[in-house]
Asks: 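Okay, handing you the structure first.
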Number of protein chains: 4
Amino acid sequence: MTTNKKEDIMQASLMLFTERGFDATTVPMIAEKAQVGAGTIYRYFENKEVLLNSLFRECVGQIIQALSDGFPESASVREQFHHIFHRLTRFGQENNEALTFIDSHMDPRLLDEESQSKFIELLDFLRRFLKRGQQQGIIVQLPPDALIPLFYGPIVKLFLVIRDGDLKQTDELFAGVEECCWNALKVH
Amino acid sequence: MTTNKKEDIMQASLMLFTERGFDATTVPMIAEKAQVGAGTIYRYFENKEVLLNSLFRECVGQIIQALSDGFPESASVREQFHHIFHRLTRFGQENNEALTFIDSHMDPRLLDEESQSKFIELLDFLRRFLKRGQQQGIIVQLPPDALIPLFYGPIVKLFLVIRDGDLKQTDELFAGVEECCWNALKVH
Amino acid sequence: MTTNKKEDIMQASLMLFTERGFDATTVPMIAEKAQVGAGTIYRYFENKEVLLNSLFRECVGQIIQALSDGFPESASVREQFHHIFHRLTRFGQENNEALTFIDSHMDPRLLDEESQSKFIELLDFLRRFLKRGQQQGIIVQLPPDALIPLFYGPIVKLFLVIRDGDLKQTDELFAGVEECCWNALKVH
Amino acid sequence: MTTNKKEDIMQASLMLFTERGFDATTVPMIAEKAQVGAGTIYRYFENKEVLLNSLFRECVGQIIQALSDGFPESASVREQFHHIFHRLTRFGQENNEALTFIDSHMDPRLLDEESQSKFIELLDFLRRFLKRGQQQGIIVQLPPDALIPLFYGPIVKLFLVIRDGDLKQTDELFAGVEECCWNALKVH
DNA sequence: GATGAATGAGGGTTCATTCAT
DNA sequence: GATGAATGAACCCTCATTCAT
């Protein structure tokens, strides 16, 4: 089977968009990294913006998948949080760019309706978890949208710091940060 | 007194860079918003990139100023954290763009040495605070660079959510988030 | 076979640079005359200045070629001078712009090292000829750099006058001028 | 008396136009060299092009003056040529730029009617001299416009070589070149 | 299907010229 | 009269996109 060009293009864009940003990434750059002709990209994606949106949806979808898959519905809130945190960091470790890419391309000027909906789907998953925790009196009573930044923000930033080489990713580190984030959320 | 054009240009750029990003902001856009001719911008800034760096340094400097000014050197770690959190959120409230602008333009491709140093100055201020707290056994023993995201990240994200209109900024909200962030940092 | 765009661009630039000068020639002008898109020029030449230098080197190279090719090494000084004068004027007749172009673009602000070297190569060819003539006591004892203007200058100017339509180019004219130039050089 | 600003501006332009060419010389450059404000230039000259033309006419006028003044109407052709050659080189020595400036700015796109007429006046002076010499059978029978390059061209080029520092200007040099040029013109 | 040469709209930037001081 | 800050037209150049091969 021939190598999957569409996959190559998406992989190359992901790296370049993450590294340089959408605007600073040129189509020829993507073509070169993906080892395809520039015109080939237009066979798979209507234009650069559509490519971005496909990529964005794909990445967000993967995260939602990672979070939903095997989610311990009936476990304790703490255990559910562990699942979320663990899956998020594992995803980040396996696919370092995706997390950063999503975070730095959440621009309504670039994302279409569908991409934005997809991201809201992710937020809703997190909101639901938080609300259940609040109903059980375990998670602090603040608007969920104010709570999400308390663990999602640190995770994203953490991978940025790691990527810059300023921090080594170890299980201890993630365990420590998880504990901190949980302390941020839980009622004391 | 004549209006200060340089100030107008910086103000306009700040808003546009924050809103659209550096690359998606054109010089004519800045000129129009600042109500000056496009050429005028080049009387004050060598080029668009220099303008970005001036702005970046200015904003980071203001934050450092806000944090250092009246910092309670001899107060408790908790009180010092309150100072930092309060000044940061007050700065964000008074100057909503600046915080977001800095966070979204920390690109080594765009920032020169001096700008990066200036930002490190800010990080060092926060690192010193965290280390003192750790020496007193009050703040958890994790690398400071892993701790900074635990309160700096949420604050930045919070203002993004606020700017998108999804959340109203109230004293209660900030007080609540401060408590959460402190819980994330402190030893339990 | 497709038309050679690079060749078209060089031909168009040669005419325009000669007619209007480098600074007064815009890239769109070149594109229009060469019947290519403006962007196409940048596929073949890094920028306008590189185009100028390519053109300059090409033209100087052609002259050197025309002079060296079949140069009568063992003939008399007079015959060698005839060769030089004849080839120079024939070159000027066949390629009217090139001579004028070179003469009017010998600007160290525009020419790079390599272009300047190439021109020195041409000068050296002429200097060597003059020195041999001086050693044989046939050409007057003045610095070669003062002698070159005595025949190279008039030839260039002659083609300027011709181009302005003030003079018709005939064999008699060139023969007459050659005789004059030789009289300028030779010991009487 | 205050320093003559108009004179300063012309002097500064002469140097810059000669050194860099008309197009590569900016009005602020002239202002700085002339030690006046940029706006001041427009008090004396309608625009940059008018300044060029004033300068051109002034320089050509000075040469005509230098040639006409004390011209030995009734002397021999050889003596008349000596007068012309001597005055031209003396002018070049005293005012190195002017000669080069004129030669490199003889562009119909830049010069107005009047400037071109003024230059024709200079040419006519030279043409008259040549025709008289031809009538006396002393100067070769070629179109005067083909003869002028034989001594005017070398003189201009000579000062270029001198300015580039490749040749020292001495009386012997000029005497030698004069002899050569005369040999080019005279009937043998 | 795949390519990359070609295009031209639109960006950053310069600079001749104006005009309020 | 003199100034130089301000302007905006016009430059050079980039790059998303097309299309002949």
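What you see below is based on every heavy atom in this structure, not just the backbone, and it leaves out hydrogens, waters and symmetry mates. In the text below, chain A, chain B and the rest are named by the order of the sequence lines, each starting its count at 1. Since the structure is predicted, the reported quantities are computational estimates derived from the model, not experimental observations.
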Asks: Heavy atoms under 4.0 Å is the rule here; annotate nucleotides 9-16 of chain F 5' to 3' with B where the base is hit, S where only the sugar-phosphate is, and - elsewhere.
Replies: --SSBBSS
Asks: Quickly work out the C/Asn4 CG to E/dA5 P distance and round it to whole Å.
Replies: 13 Å
Asks: Please report the closest heavy-atom contact between C/Thr25 and C/Leu16, naming both atoms and the distance.
Replies: OG1-O, 3.3 Å
Asks: Return yes if some donor-acceptor pair links the side-chain N/O of D/Asn53 with the main-chain N/O of D/Asp112 below 3.5 Å, else return no.
Replies: yes
Asks: Below 4.0 angstrom from OP1 or OP2 of E/dA5, is there any side-chain N or O of C/Lys6?
Replies: no
Asks: Got a minute to check which stems DNA chain E is part of, using Watson-Crick or G-U wobble pairs under 3.5 Å, three or more consecutive?
Replies: E:2-21 with F:2-21
Asks: Can you check the B/Ile41 CD1 to E/dG11 C1' distance for me, whole Å?
Replies: 13 Å
Asks: How long is the line joining CG of B/Leu16 and P of E/dG11, in whole Å?
Replies: 13 Å
Asks: Could you give the CD-to-C1' distance, from C/Glu32 to E/dT7, as a whole number of Å?
Replies: 15 Å
Asks: What's the CZ-C1' distance between C/Phe45 and E/dA5, to the nearest Å?
Replies: 15 Å
Asks: Is the ring pair B/Phe17/B/Phe101 parallel, tilted or perpendicular, if the boundaries are 30 and 60 degrees?
Replies: parallel
Asks: Thinking salt bridges, do B/Asp23 and A/Arg20 make one under a 4.0 Å N-O criterion?
Replies: no
Asks: Without decimals, in angstroms, what is the distance between A/Gln35 CD and E/dA2 P?
Replies: 15 Å
Asks: A/Leu14 versus A/Asn95: any side-chain heavy-atom pair under 4.5 Å?
Replies: yes
Asks: With C/Thr26, which residues qualify under side chain to side chain contact (heavy atoms under 4.5 Å, CB included), at least two apart?
Replies: C/Pro28, C/Met29
Asks: Can you find a pair of side-chain heavy atoms, one from B/Ile63 and one from B/Ile102, that are under 4.5 Å apart?
Replies: yes
Asks: Rounded to the Å, how far apart are A/Asp8 CG and E/dG1 P?
Replies: 16 Å
Asks: Do A/Lys6 and A/Ile9 have side chains that approach each other closer than 4.5 Å (heavy atoms only, starting at C-beta)?
Replies: no
Asks: Pick one: which of A/Gln65, A/Lys118, A/Gln116, A/Glu121 meets side chain to side chain contact (heavy atoms under 4.5 Å, CB included) with A/Val60?
Replies: A/Lys118
Asks: Can you tell me how far P of E/dG8 sits from CD1 of C/Ile30, to the nearest Å?
Replies: 16 Å
Asks: Both A/Tyr44 and C/Tyr44 contact DNA chain E. Which one's nearest nucleotide lies toward the 5' end?
Replies: A/Tyr44
